[in-house]
J.: 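Take this structure first; my questions come after.
Every number for a ligand or one of its atoms is a count from 1 in the order of the listing.
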Amino acid sequence: MSNLIDGKQIAKEIRAELKKEVDALREKTGKVPGLAVVLVGEDPASATYVRMKGKACEEAGFLSRTHRLSEDTSQRELLDLVKQLNEDDEIHGILVQLPLPDGLDEQEVLYTIDPEKDVDGFHPFNVGRLMTGDPSFVPCTPRGVIELLDRSGVEIKGKRAVVIGRSNIVGKPVALLLLQRHATVTICHSRTQDLPGVVREADIVVAAVGRPEMIKGDWIREGAVVIDVGVNRVGEKKLVGDVAFDEAKEAASLITPVPGGVGPMTIAMLLQNTLESFKNHE
Ligand code: GUN
């Protein structure tokens with residue numbers, strides 16, 4: 001039997017469930033959840049992500065608005081757009097695609113988004129609520145990691161989870177979510193001593209460092225569950241994760257591939273957060 005966690009298939013199922021719910025809401029209220037995505041500049045990877053978000057929105061019956069601003073947009077113009085979206089009753093979720101071009105103050109932009117429309121979960125109000133164990137909007141990729149574990153029947157409670165990476169977008173929030181679900185959590189990073197030894201203790205490994213195939217197969221305990229959040233481009237076309245997949249899959253009881261693991265879940269969770277925001281507002 002395959003030990004792959006098929007994130008693409010799971011995300012597809014979630015998007016279909018969301019569409020059903022949105023169709024019913026449209027029937028009942030005449031309204032649908034709306035997501036505004038703001039892209040500043042021409043970064044090709046960001047442009048691809050933004051296109052995918054818009055497409056997924058439309059397919060699930062959401063209102064999708066994409067604001068494409070030029071590279072030389074001023075901080076003032078960007079803040080004015082965010083404030084306008086804060087006041088827009090058709091919009092329930094606002095996402096400003098990161099990273100922003102040099103010269104723009106990312107923190108000020110994220111702090112300006114209405115926390116009640118912050119479907120990325122990056123506003124300090126929502127970060128604080130996650131920290132205190134009363135989460136409102138949870139960042140999409142970490143939420144996708146937990147959803148993959150749940151939908152694959154993995155028990156989290158009481159397990160030893162090792163998170164490799166401490167970013168605000170993935171590592172820290174994933175660790176908090178695992179803790180909230182009663183895992184014993186260790187967060188590792190570039191200064192961790194004996195990283196292989198720490199990873200070998202884990203029942204659940206979450207890799208989010210952004211280094212191609214850094215986590216080797218012989219670091220994975222027999223039967224561990226491996227969730228690979230890394231997306232690293234090697235050469236022209238090939239994408240690999242943070243985990244040496246071919247080696248690790250021999251030891252793991254369950255493992256996510258790259259691509260087709262965590263990636264597709266991020267957009268599904270963005271739609272989920274936007275639907276929840278709609279329900280809170282309407
Ligand atoms: N850039 C890479 N990942 C993300 C994300 O989850 N949200 C936003 N806004 N930008 C990103």
J.: What I want to check is whether the side chains of D72 and S70 have a donor and an acceptor closer together than 3.5 Å.
T.: yes
J.: With only distance considered, is V96 within less than 3.5 Å of ligand 1 through an N or O on each side?
T.: yes
J.: Quiz question for you: does at least one protein heavy atom lie closer than 4.0 Å to atom 3 (N) of ligand 1?
T.: no
J.: Report yes or no: does D203 contribute a side-chain atom to a donor-acceptor pair with the main-chain N or O of R160 at less than 3.5 Å?
T.: yes
J.: Hey, is Y49 touching ligand 1 through its side chain, its backbone, both or neither, going by heavy atoms under 4.0 Å?
T.: neither
J.: Would you name the heavy atoms of N232 and G241 that are closest together and state the gap between them?
T.: ND2-O, 3.1 Å
J.: Of all heavy-atom pairs between R143 and N273, which one has the smallest distance, and what is that distance?
T.: NH1-OD1, 2.6 Å
J.: Classify the ring geometry between Y111 and H123 as parallel (under 30°), tilted (30 to 60°) or perpendicular (over 60°).
T.: tilted
J.: Which part of T141 is near ligand 1, with near meaning a heavy atom under 4.0 Å away: side chain, backbone, both or neither?
T.: neither
J.: Determine, using the 4.5 Å side-chain heavy-atom cutoff (strictly less than), whether V209 and V243 are members of one ILVMFWY cluster.
T.: yes
J.: Polar contacts were defined as any N/O atom of the residue lying under 3.5 Å from an N/O atom of the ligand; does this apply to T266 and ligand 1?
T.: no
J.: Around atom 11 (C) of ligand 1, find the nearest protein heavy atom and jot down its residue, atom name and distance.
T.: Q97 NE2, 3.5 Å
J.: Counting heavy atoms only, which of L98, D120, V119 comes nearest to atom 9 (N) of ligand 1?
T.: D120
J.: Hey, which atoms in ligand 1 end up nearer than 4.0 Å to a heavy atom of L95?
T.: 9 (N)
